[in-house]
Amino acid sequence: MNNPTIQTEAELEKPVGEKLQKLLARMGLGSRRGLEEVIKAGRISINGKVATLGDRAVLTDEIRIDGRLVRLKAEREKRRRVIAYYKPEGEICSASDPEGRPTVFDRLPKLTGDRWVMVGRLDINSSGLLLFTNDGELAHRLMHPSNEVVREYAVRVLGEVTPQIASQLTQGVALEDGMAKFDDIKEGGGTGVNKWYHVTIKEGRKREVRRMFESQELKVSRLIRTRYSTVILPKELRTGRFIELDAKDIGKLVESVGLRQRQGTGLNTAAKEKQARIHKKPLKSREVRRQKHEAYERREERKKTHPKSKNC
């Protein structure tokens, strides 16, 4: 009589694989949490069988989403790409908006057989650096709290941050979703009641920076993210524009979260030429009007939002 607990030789040789949602997220097909919901809804199949949460898969499996075959690429076959985008105020961090508002995805280059994954968020009233990548695993590690990735912000505050308040903000304040603290806070200039401060933090909770100042009865009137991990918002980058990182800059970024560099990372020759052409093109009339309206204020803010030291 056969023992049902004994595995056959073929079963023992079959790769264990990785969790389905992790594999698909690494391919840039969505966030792990979002893909878990898709799996629960019964929309994904593995080798003809409806997948369930907890299933594992390998690159050789036939995986379909809503009946459509997903072409899985090994890491060595996929060119890892990262974009640094200067988000303007008024854009929302979503792929689409039912109200028809502009989104941060509207100006990104189109991908064939791949997708951009947004790294973190900025609220509609905030501006500054947003990263996008086609590598789901890189995006996941950059956002996961356990990796304590540093974010830096230039914050214009209505009121004065006294030494006592600065001490409280770096020691920790109680928010409705737990304790929060800045790793550092420095004055950034300004006159009158509006003053600039540079803060660093290793979390990315919703409106966390604003809520921390509000806990001290201070109002944030402007917030600009100037750094995410090893990537600093380029001084020459205008709002609403993006640049694609080269292999060297991507290498620093992936190493900061414990990933390995791979062949074919960053811009290829065609992408470099296209990016150069894009940045030489004149802005559209709507962008020209907006930038003229904000030109003086933006020049003054740039002096304050980019500290001389670029040490990470």
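Sequence positions, counted from 1, serve as the residue numbers for this chain. Just so you know, these numbers come straight off a predicted model, no measurement behind them. The basis for the numbers below is simple: all heavy atoms, side chains too, and nothing from hydrogens, waters or symmetry mates.
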Ion pair check, [X] and [Y], cut-off under 4.0 Å:
| X | Y | value |
| --- | --- | --- |
| Asp183 | Lys181 | no |
| Glu89 | Arg222 | yes |
| Arg33 | Glu36 | no |

Residue pair Val117, Asp135: steps toward the side chain to side chain contact (heavy atoms under 4.5 Å, CB included) verdict: CA-CA 7 Å; Val117 181; Asp135 186 332; over 6 Å; no
[X] versus [Y], closest heavy-atom pair with distance:
| X | Y | value |
| --- | --- | --- |
| Ala84 | Leu245 | CB-CD2, 4.2 Å |
| Thr239 | Pro88 | CB-CB, 4.1 Å |
| Val104 | Cys93 | CG2-CA, 3.9 Å |
| Thr133 | Ala139 | CG2-CB, 3.8 Å |

Looking only at atom types and distance, does a side-chain atom of [X] sit under 3.5 Å from a main-chain N or O of [Y], one as donor and one as acceptor?
| X | Y | value |
| --- | --- | --- |
| Arg141 | Val257 | yes |
| Asn134 | Trp116 | no |
| Lys87 | Arg225 | no |
| Arg56 | Val58 | no |
| Thr200 | Asp184 | yes |
| Asp249 | Asp246 | no |
| Asn147 | Val149 | no |
| Lys22 | Arg32 | no |
| Thr103 | Ser94 | yes |

Are [X] and [Y] packed together at the side-chain level, in the sense that at least one heavy-atom pair is separated by less than 4.5 angstrom?
| X | Y | value |
| --- | --- | --- |
| Leu130 | Leu122 | yes |
| Leu142 | Leu253 | yes |
| Ile83 | Leu131 | no |
| Arg260 | Val254 | no |
| Val150 | Arg227 | yes |
| Lys40 | Glu37 | yes |
| Pro234 | Ile243 | yes |

For Asp66, all residues meeting side-chain hydrogen bond (donor to acceptor under 3.5 Å, both in side chains), sequence neighbours excluded: Arg43
Non-neighbouring partners of [X] that pass salt bridge (charged side-chain N to carboxylate O under 4.0 Å, His left out), sequence neighbours left out:
| X | answer |
| --- | --- |
| Lys219 | none |
| Glu217 | none |
| Lys248 | none |

Pair Arg207-Glu214, side chain to side chain contact (heavy atoms under 4.5 Å, CB included): steps then yes or no: CA-CA 10 Å; Arg207 300 185 72 255; Glu214 288 169 1; 3.6 Å; yes
Atom pair [atom1]/[atom2] of [X] and [Y] - distance to nearest 0.5 Å:
| X | Y | atom1 | atom2 | answer |
| --- | --- | --- | --- | --- |
| Glu152 | Ile201 | CD | CD1 | 12.0 Å |
| Glu208 | Met212 | CD | CE | 6.5 Å |
| Gln216 | Thr162 | CD | OG1 | 8.0 Å |

By side-chain contact (heavy atoms from CB on, under 4.5 Å) - contacts of Leu20 (at least two apart): Leu24, Ile39, Ile44, Ile46, Ala51, Ala57, Ile63
CA sep, side-chain torsions, deciding dist, call: Thr226, Arg151, side chain to side chain contact (heavy atoms under 4.5 Å, CB included): CA-CA 8 Å; Thr226 57; Arg151 291 90 156 160; over 6 Å; no
Apart from Ile124 itself, residues in the same hydrophobic cluster as defined by side-chain heavy atoms under 4.5 Å: Ile92
Within 6.0 Å of CD in Glu187, more than 12 heavy atoms from elsewhere: no
Inter- and intrachain pairs under salt bridge (charged side-chain N to carboxylate O under 4.0 Å, His left out), touching residues 164-178, at least two apart: Glu176-Arg211, Asp177-Arg205, Asp177-Arg211
Any pair counted as salt bridge (charged side-chain N to carboxylate O under 4.0 Å, His left out), so long as it reaches residues 94-106, sequence neighbours left out: Asp97-Arg101, Glu99-Arg101
Do [X] and [Y] have a side chain donor and acceptor closer than 3.5 Å?
| X | Y | answer |
| --- | --- | --- |
| Ser256 | Thr230 | no |
| Arg210 | Ser126 | yes |
| Ser45 | Arg64 | no |
| Tyr85 | Glu91 | yes |

Cluster check Val70, Leu53: I/L/V/M/F/W/Y, side chain < 4.5 angstrom: yes
Hphob cluster co-occupancy, Leu158 + Val209, side-chain heavy atoms under 4.5 angstrom: no
Give every donor-acceptor pair under 3.5 Å between a side-chain atom in residues 167-175 and any protein atom, sequence neighbours left out.
residue, atom, partner, partner atom, Å
Ser167, OG, Gln171, NE2, 2.9
Gln168, NE2, Gly172, O, 2.9
Thr170, OG1, Ala166, O, 3.0
Thr170, OG1, Ser167, O, 3.0

Residues in ring-ring contact (aromatic ring centres under 6.0 Å, His included) contact with Tyr197, at least two apart in sequence or another chain: none
Counterpart residues, ring-ring contact (aromatic ring centres under 6.0 Å, His included), relative to Tyr228 (two or more places apart): none
Sub-6.0 Å ring centroid separation between Phe182 and Phe213: yes
Aromatic ring proximity, centroids under 6.0 angstrom, Phe105 and Phe132: yes
Worked check of side chain to side chain contact (heavy atoms under 4.5 Å, CB included) between Leu218 and Val161: CA-CA 8 Å; Leu218 295 170; Val161 177; 3.8 Å; yes
Ring pair (Phe, Tyr, Trp, His ring centres under 6.0 Å) contacts touching residues 155-175 (sequence neighbours left out): none
